[in-house]
Enquirer: 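The following block contains the structure, expressed as C-alpha cells.
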Amino acid sequence: MTMPSIDLDRTHPFAEAMRASSIAMVMTDPTLPDHPIVFANDAFLRLTGYSLLEVMGRNCRFLQGPDSDAAAIADIRRAIAAGVDLTVELVNYRKDGSAFHNVLSLSPVRGKSGEVRYFFATQVDVTDQHRQTDELRHANLALAAALETATTLVHEIDHRVKNNLQMVSAMILLQSLDRSDLRLRDSLLDTLSRVEALSTVHHRLHRSGDVSRFDVADYVRDLLDDLVGATGRTDIRVRLDLMPVLVQAGKSAALALLFNELFTNALKHAFPPGKPGTLAVSIAREAACIVAVIEDDGVGVSPTATRLSTFGQSLIQTLSRQLGAETTIGPMSPSGTRVRIELPLAIVAAPV
Ligand SMILES: Cc1cc2nc3c(=O)[nH]c(=O)nc-3n(C[C@H](O)[C@H](O)[C@H](O)COP(=O)(O)O)c2cc1C
C-alpha cells in the first residue's frame with residue numbers, strides 16, 4: 001500500500017481521518033536522524049500508554065523489549081531499507097511494562113518524484129486472539145489427555161470383563177463335566193452358550209473400535225457360523241438375508257442373547273439326526289420397526305406344545321421386554337417353526 005504524500009496539517013481531511021481512527025497509526029520520517037515518529041494518532045497513544053510528547057521524535061523501537069522477535073525486527077529493517085510494504089507480528093511493551101502482540105503493517109509514502117517521504121504504519125493488538133488460541137490449545141491438550149485416560153480405562157475394563165467372562169465359562173464347563181446329572185449338564189451347557197454369546201458381543205464391540213454401536217447382521221452371521229459348525233452337521237443349510245443394522249451398544253447384549261436362544265433352540269430341536277433342513281434368517285428395516293425372521297423347515301411344534309424350556313421361554317420374554325420388542329413364535333406350513341421379532345427403531349444407533 002503506497003499512499004500519496006500527505007500534508008500533516010491539522011486541517012487536512014486525511015490527517016483528521018487518521019487522527020480520529022480507532023486503529024493505531026504512526027508516520028515516521030526516514031530523512032531525519034534515526035527515523036523518528038512525526039505523527040501518532042490517539043489510538044496509538046491509547047494502545048501504548050505514552051503521551052504524544054513522549055513518542056514524537058523517537059524511533060518506534062522504544063516499544064520493543066526482551067520478547068520482541070529479533071527476526072521480525074530484522075525483516076522490518078530490510079523492508080525499510082528496500083522501501084517496501086511489510087506486515088509482521090512481534091511482542092511490544094506499553095509504558096507500564098505490559099506486553100502485547102502487535103501486528104505491525106508498514107508502507108512507504110512516496111513523494112511526487114517517487115522518493116520515500118514518510119513511512120506509514122498501523123498497529124493492531126492481537127493479544128486476545130493469542131490468549132484464545134492458547135486457551136484452545138490448553139483445552140485441546142486437556143481433552144486429549146482425558147480421552148487417553150478414558151481409552152485406557154475402557155481397555156482396562158475390556159480386559160477385565162473378557163477375563164471374568166472366560167473364568168465364568170471355564171467354571172461352567174468344569175461343572176458340566178460331571179455326568180452324574182445329565183439334565184443339569186444340559187442346562188449348564190445352555191448357560192455356557194449364553195455366556196459365550198455375551199463374550200462375543202463384548203469382543204466384537206471392542207474389536208470394532210466403536211464401542212457405541214453394534215452391527216447385528218455381522219453378529220448373526222458369525223453366531224450362526226459358530227453354532228452350526230458346533231453341531232458338526234453338514235445337512236443343515238443356512239440362508240441369510242441380512243440388512244446391516246447398527247444398534248446402540250447398550251442393547252447389544254439383550255439382542256445377542258435373544259438370537260442365541262432362538263438359534264440354539266432351532267438347531268437343537270428342529271433337525272433331529274437324519275432330518276436335513278434349512279434355517280433361514282432375515283433382518284429388514286420396515287417403516288416403523290426392524291423385523292427379524294427366523295424360520296426353519298424342521299419338525300416343528302404343535303400349536304399347543306412348545307419346544308422351548310420354561311427358562312428359555314421366560315428368557316426370551318424378558319429379553320424382548322428389555323428391547324421393547326414383540327416376539328411371536330408359530331408353526332410354518334407344511335412343517336417347521338417361524339419366529340418373528342419386531343424391534344423398535346429406537347434401538348438403532350444414531351449415525352456418527
Ligand atoms: C512507520 C513505522 C512504524 C513502526 N512501528 C513499530 C512498532 O509499532 N513496533 C515496533 O516494535 N517497531 C516498529 N517499527 C520498527 C522500528 O522503528 C525499527 O525500524 C526496527 O526496530 C528496526 O530498526 P532497528 O534495528 O534500527 O531498531 C516501526 C517502523 C516504522 C518505519
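The basis for the numbers below is simple: all heavy atoms, side chains too, and nothing from hydrogens, waters or symmetry mates. Positions are given from 1, in the same order as the sequence printed here. Order of appearance sets the numbers: ligands from 1, and atoms from 1 within every ligand.
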Enquirer: So that I can tick it off, tell me whether D297 and R239 are bridged by a salt bridge, with the cut-off set at under 4.0 angstrom between side-chain N and carboxylate O.
Expert: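 So R239 does not pair with D297 through a salt bridge.
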Enquirer: Applying the side-chain contact (heavy atoms from CB on, under 4.5 Å) test to F100, which of V126, V91, L47 qualifies?
Expert: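 Of the listed options, the one satisfying the test is L47.
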Enquirer: Any non-hydrogen side-chain atom of I294 less than 4.5 Å from a side-chain atom of I341?
Expert: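 Yes, side chains in contact.
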Enquirer: Do D186 and R183 meet the salt-bridge criterion of a basic N to acidic O distance under 4.0 Å?
Expert: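 Looking at D186 together with R183, the answer is no, because their closest N to O distance does not fall below 4.0 Å.
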Enquirer: Just jot down the ring pair (Phe, Tyr, Trp, His ring centres under 6.0 Å) partners of Y50, sequence neighbours excluded, or say none.
Expert: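 With neighbours one apart ignored, the set is F62.
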Enquirer: Would you please write out the protein residues whose heavy atoms approach any atom of ligand 1 to under 4.0 angstrom, listed by chain and number?
Expert: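 Residues V26, T28, H35, N59, C60, R61, L63, Q64, I73, I76, R77, I80, L90, N92, N102, L104, L106, F119, A121, Q123 each place a heavy atom under 4.0 Å from ligand 1, listed by chain and number.
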Enquirer: Between the side chains of S193 and N260, does any donor sit under 3.5 Å from an acceptor?
Expert: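 Looking only at side-chain atoms, N260 and S193 do form a donor-acceptor pair, the distance falling under 3.5 Å.
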